[in-house]
Protein chains: 2
Amino acid sequence: MLQVKDIPNAEILQKFADRYPQTDIKNVMTFLNLLRVGSDLSLGLNSYLAEYDLLQGRWWVLLLLMREDNLSSTPSALAEKAGVSRATMTGLLDGLLRDKLISRVHGRQDRRQILIRMTVLGQAKLDDLMPGYYQRVNQLMQALSETETTQLMSLLKKVYQRRHVFEDESHLK
Amino acid sequence: MLQVKDIPNAEILQKFADRYPQTDIKNVMTFLNLLRVGSDLSLGLNSYLAEYDLLQGRWWVLLLLMREDNLSSTPSALAEKAGVSRATMTGLLDGLLRDKLISRVHGRQDRRQILIRMTVLGQAKLDDLMPGYYQRVNQLMQALSETETTQLMSLLKKVYQRRHVFEDESHLK
DNA sequence: AGCTTATAGTTAGCCAACTAACTATGTCAA
DNA sequence: TTGACATAGTTAGTTGGCTAACTATAAGCT
């Protein structure tokens, strides 16, 4: 994602507002800040995971497997839950297999399916990194009080519900 | 970036919390929501820009040039402001040049430098897409009242100031 | 049974980010 | 003034997303 390092200040936005009268400066600044916080946290998370030879994609796959009672799932189901294409999931699983964090087993009933299972090594990897992850999330969120965290959640949810405005013309009046 | 489609619910997080006692479920959920809102908005923005044969990287370069009085800057300065590597900027500028949205001119004084200038076509492209962009940002932010927007801004800023917790061991106590 | 269509996974090729290494030019201090 | 270091931009190679097309298998009509 774009790393929005340098959000325009009010003066610069005013220049744009003169050229494009629809501009609501406050809205734009809030929007850009949302993008920036998201991308910065995402990059930060990646840099933490990289210490364990993972990135978000493969880490998330391990977490999805950990959720399952038998530590197993199929590539399609994982792709769906992780929000990536099946092709991308193939690549992620290739990487996890190379590091022996998962194993591939052919399904019994449906011979098209493959069963992905997290290995002991995969579990050990998660056990290794998750405490530090939670510790850092806590550190981060200590920026806010309990009440503020609740507020932030609620505000994010409201924005999230409108996320389709960019994609779909029908949301414009 | 990871598309966190499926944020774990409280029950699943509880399972993780049993395994990793540091877990603060509320903090994790808020963190994941921040990531998700950011990535969704980013993908949405990309899909809007794609209608105009742009993505965030090249669009942001055009915006940076538009801010300049003479519509010009250098690749290094642009890389710095956009928060990408100089190598990435070379690639973005290649793309913009291919579509004739910018021009490259050799600098006078420092013969290492190259001057990038937005063309008339580049300005026309921005003039074409920016109104729709602002319109959509407004649509999005109408999810919140004026007061809520102010609140959100302030909460985001507090979180943003702690963004380095993932990168730098020294921020942990 | 035999088409047609749908689903699971992989492969190939594209894109835009990255780092490392390279060329060319500039700067500065002994 | 020249040798060491710094800066500007590009190139090469890697990564992890994507779509489109492919193979194999399954399911459902008629």
Between [N] atom [atom2] and [X] atom [atom1], what is the distance in whole Å?
| X | N | atom1 | atom2 | answer |
| --- | --- | --- | --- | --- |
| E80(B) | dT7(D) | CD | P | 12 Å |
| D94(A) | dT15(D) | CG | C1' | 13 Å |
| Q56(A) | dG16(D) | CD | P | 12 Å |
| L55(B) | dA17(C) | CG | P | 8 Å |
| L93(B) | dT10(D) | CG | P | 7 Å |
| L92(A) | dT11(C) | CG | P | 14 Å |
| W59(A) | dG16(D) | CH2 | C1' | 17 Å |
| W60(A) | dG16(D) | CH2 | P | 18 Å |

Note to self: Under a 4.0 Å threshold between the charged nitrogen and the carboxylate oxygen, would D94(B) count as salt-bridged to R104(B)?
What the structure shows: yes

Q) Is K157(B) atom NZ crowded by more than 12 heavy atoms from other residues, nucleotides or ligands, each under 6.0 Å away? A)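 Check fails, neighbour count at 12 or below.
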
Side chain of [X] (C-beta onward), nearest among [options]:
| X | options | value |
| --- | --- | --- |
| I114(B) | dA8(D), dT10(D), dT10(C) | dT10(D) |
| S85(A) | dC18(D), dG26(C), dT10(C) | dC18(D) |
| V84(B) | dC18(C), dA8(C), dG17(D) | dC18(C) |
| A87(B) | dT19(D), dA20(C), dA8(C) | dA20(C) |

Considering heavy-atom distances to DNA chain C, does M89(A) or R112(A) have its closest nucleotide positioned more toward the 5' end?
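It is R112(A) whose nearest nucleotide is closer to the 5' end.
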
| query | Can R163(B) be said to sit on top of Y160(B)'s aromatic six-ring, NZ or CZ under 6.0 Å from centre and within 45° of the ring axis? | reply |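 Verdict for Y160(B): a cation-pi partner in R163(B).
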
Under 4.0 angstrom between [X] side-chain N/O and [N] OP1 or OP2:
| X | N | answer |
| --- | --- | --- |
| T88(A) | dC18(D) | yes |
| R111(B) | dT7(D) | no |
| T90(A) | dG9(C) | no |
| T74(A) | dA8(C) | no |

Inset, instruction - Please check if any side-chain donor atom of K81(A) sits under 3.5 Å from a side-chain acceptor atom of S73(A), or the reverse. - result: no

Under a 3.5 Å threshold, yes or no: a donor from one side chain and an acceptor from the other, between N27(A) and N138(B)?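 Side chains of N27(A) and N138(B): pair found under 3.5 Å.
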
Per nearest nucleotide of DNA chain D, the residue lying toward the 5' end, R58(A) or R86(A), is R58(A)

